[in-house]
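Structure first, commentary second.
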2 protein chains.
Amino acid sequence: MTSDVPPKRSRAENVYQALRDAILEQNLKPGTKLSEDIIAGEFKVSRTSVRAALQQLRGDGLVDHQANRGAFVAEPSAENARDIFSLRRMLESEVIRRLAGNLKPDDVKRLRKHVEQEERAQPVNGPLSIRLAGEFHILLAELTGSQVLTRFVSETVSRSSLILARFARLHSSECAVDEHVRIIAALQAGDASAAEALMLHHLESVAVRADLRAPNSDGDTAAILKRYARALPT
Amino acid sequence: MTSDVPPKRSRAENVYQALRDAILEQNLKPGTKLSEDIIAGEFKVSRTSVRAALQQLRGDGLVDHQANRGAFVAEPSAENARDIFSLRRMLESEVIRRLAGNLKPDDVKRLRKHVEQEERAQPVNGPLSIRLAGEFHILLAELTGSQVLTRFVSETVSRSSLILARFARLHSSECAVDEHVRIIAALQAGDASAAEALMLHHLESVAVRADLRAPNSDGDTAAILKRYARALPT
DNA sequence: CATACAATGATTGTGTACAATAATGTACAC
DNA sequence: GTGTACATTATTGTACACAATCATTGTATG
């Protein structure tokens, strides 16, 4: 440790982290309105800081910003979802190829540590484990040493969380941890193609949880109401 | 045309566009300090808007933001440069594969139009042609219809401009337009592998212009000073 | 009854003032 | 003469107040 002094994050950054976590843990669901006033009041900071945080989230594609209307947690379309999963396959395959056989002892240690965290969070099967599952993939990308690749993986993984929040039938991620373990093993063994196959299978099992034909609940309020409309007397 | 009413861009967005163009046209060189006050004065807007623009640029990786110090045009390291070119090869190969044989007539029209612009700007061989050359690649990505892929290509291409500004021996992009034309032809012919080869060759010829061993002028001030330090009497 | 229009309300966009922080210049002690 | 501590200055970080904008609602009219 190099005398870990917390780098004194700005308030905007704190708000950003908090909101991001909330979104990734699916406590803020797609479509939720993120009012600057309300958030500012809740976090006891000025709207200025909240604005900065929201803009950054917009940059990550996690929130949509409508002019003079406000910010909302992004609602990826089905098409968008397919797009993102497709890119994820490409990006994470690359990660695996770069990592296979090149994991340093320290890397393995970090991965194992993370998986342990996942296992501890598992019984809860709640928000935390959802976020950790995603962060495993980001950690893998980090280990490649490529900042840009990490960035791209991070973005696609984050948005995958949104997609699952919107489309997933049931968000049990039981199998995930197991698959993570096996991926680590394959990487350590230097078996590139096996690792890649595992990863692709893993991603497939994530994607398959999403039924892209029907969004979960509050897709369009209008769409929901339409389903109830016929119950009314004509 | 669908009655092109300019969508009334916010001031922050205007500043963002202007700064981005200036950076991509290499009029603002890597390392340049972007003082909020000065920019605000120059654009006749408040620092608030400038701040928003700078933050967005930071999101694009075009500026580095140091806490309480200010924003600077990013100075990609040699390592970073290799990283980005590597990712570019991957991303743009994907673009080509998706596009080959799938170009709609309208798409071809847009591409030709863009190339014409490039040709007109060519004699100048100045800032504009540099930016247009990059935007050709972004346009290709757009035609895939994948928002995320477009975003990633856009980011890597933009940062490539920065890299060339920092490392390129001479920034003559004479050959580029020719190569762009040939890529279009191959795509239209549906010859995927030829198109991909052309693109990779094209990217290679861009990358080779950069001598990653020696940054153009103001690299790390510290690094430069170190080279001069031994000239001093001990 | 549907449609067009005007008033209203709420929310974001922008500017300005102040606080916090880091870099720089200066004086002093050794 | 050199190094350190302190004061100064410049720049960013934050808060707040006001203006602009859009959505909504209510009202009148065909």
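Residue numbers begin at 1 in each chain, while the letters A, B, ... track the order of the sequences.
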- Pick out which of A:Arg120, A:His180, A:Glu118 makes a side-chain contact (heavy atoms from CB on, under 4.5 Å) with A:Leu132.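 Checked A:Arg120, A:His180, A:Glu118 against A:Leu132; only one passes side-chain contact (heavy atoms from CB on, under 4.5 Å): A:Glu118.
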- Query: In a check of side-chain contact (heavy atoms from CB on, under 4.5 Å) between A:Phe85 and each of A:Ile163, A:Thr156, A:Leu203, which one passes?
  - Reply: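 The side-chain contact (heavy atoms from CB on, under 4.5 Å) with A:Phe85 is passed solely by A:Ile163 among A:Ile163, A:Thr156, A:Leu203.
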What's the [atom1]-[atom2] distance between [X] and [N], to the nearest Å?
X	N	atom1	atom2	answer
A:Asn68	D:dT21	CG	C1'	4 Å
B:Asp64	D:dT12	CG	C1'	16 Å
B:Lys33	C:dA23	NZ	C1'	10 Å
A:Glu36	C:dA10	CD	P	17 Å
A:Arg58	C:dG13	CZ	C1'	13 Å
A:Tyr16	D:dG13	OH	P	17 Å
A:Ile39	C:dT11	CD1	C1'	13 Å
B:Arg69	C:dA20	CZ	C1'	16 Å

I'd like a list of close polar pairs between nucleotides 6-8 of chain D and the protein, N/O only, cut-off under 3.5 Å.
none

- Query: Side chains of A:Ser158 and A:Arg20: is there a donor and an acceptor less than 3.5 Å apart?
  - Reply: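 A donor-acceptor contact under 3.5 Å links the two side chains.
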- Taking B:Asn80 for its side chain and B:Ser77 for its backbone only, find out whether a donor-acceptor pair lies under 3.5 Å.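 No, because the side chain of B:Asn80 does not come within donor-acceptor range (under 3.5 Å) of the backbone of B:Ser77.
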- Item | Heavy-atom donor-acceptor pair, B:Gln55 side chain to A:Gln55 backbone, under 3.5 Å |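 No; zero donor-acceptor contacts below 3.5 Å.
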- Item | Parallel, tilted or perpendicular: rings of A:His114 and A:Phe136 (30°, 60°) |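 Rings of A:Phe136 and A:His114: tilted, 30 to 60°.
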Pairs under 3.5 Å (N/O, protein and nucleotides 14-17 of chain D):
unit_1 : atom_1 : unit_2  : atom_2 : d
D:dT14 : OP1    : A:Arg11 : N      : 2.8
D:dA15 : OP1    : A:Arg11 : NH1    : 2.5
D:dA15 : OP2    : A:Ser46 : N      : 2.9
D:dA15 : OP2    : A:Ser46 : OG     : 2.8
D:dA15 : OP2    : A:Ser49 : OG     : 3.0
D:dA15 : N7     : A:Thr48 : OG1    : 2.8
D:dC16 : N4     : A:Thr48 : OG1    : 3.2

- Ion pair present between A:Glu116 and A:Arg112, side-chain N to carboxylate O less than 4.0 angstrom?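 The answer is no: the pair does not qualify as a salt bridge.
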Run the side-chain donor-acceptor check on residues 56-67 of chain B: report pairs under 3.5 Å with partners two or more places apart or on a different chain.
unit_1  : atom_1 : unit_2  : atom_2 : d
B:Arg58 : NH2    : A:Gln56 : OE1    : 3.4
B:Asp60 : OD2    : B:Tyr16 : OH     : 2.4

- Who does C:dC28 pair with, Watson-Crick or G-U, both distances under 3.5 Å?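 Because both required distances fall under 3.5 Å, C:dC28 counts as paired with D:dG3.
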- Message: So A:Leu19 and A:Leu54, do their side chains get closer than 4.5 Å, heavy atoms only?
- Response: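 Yes, side chains in contact.
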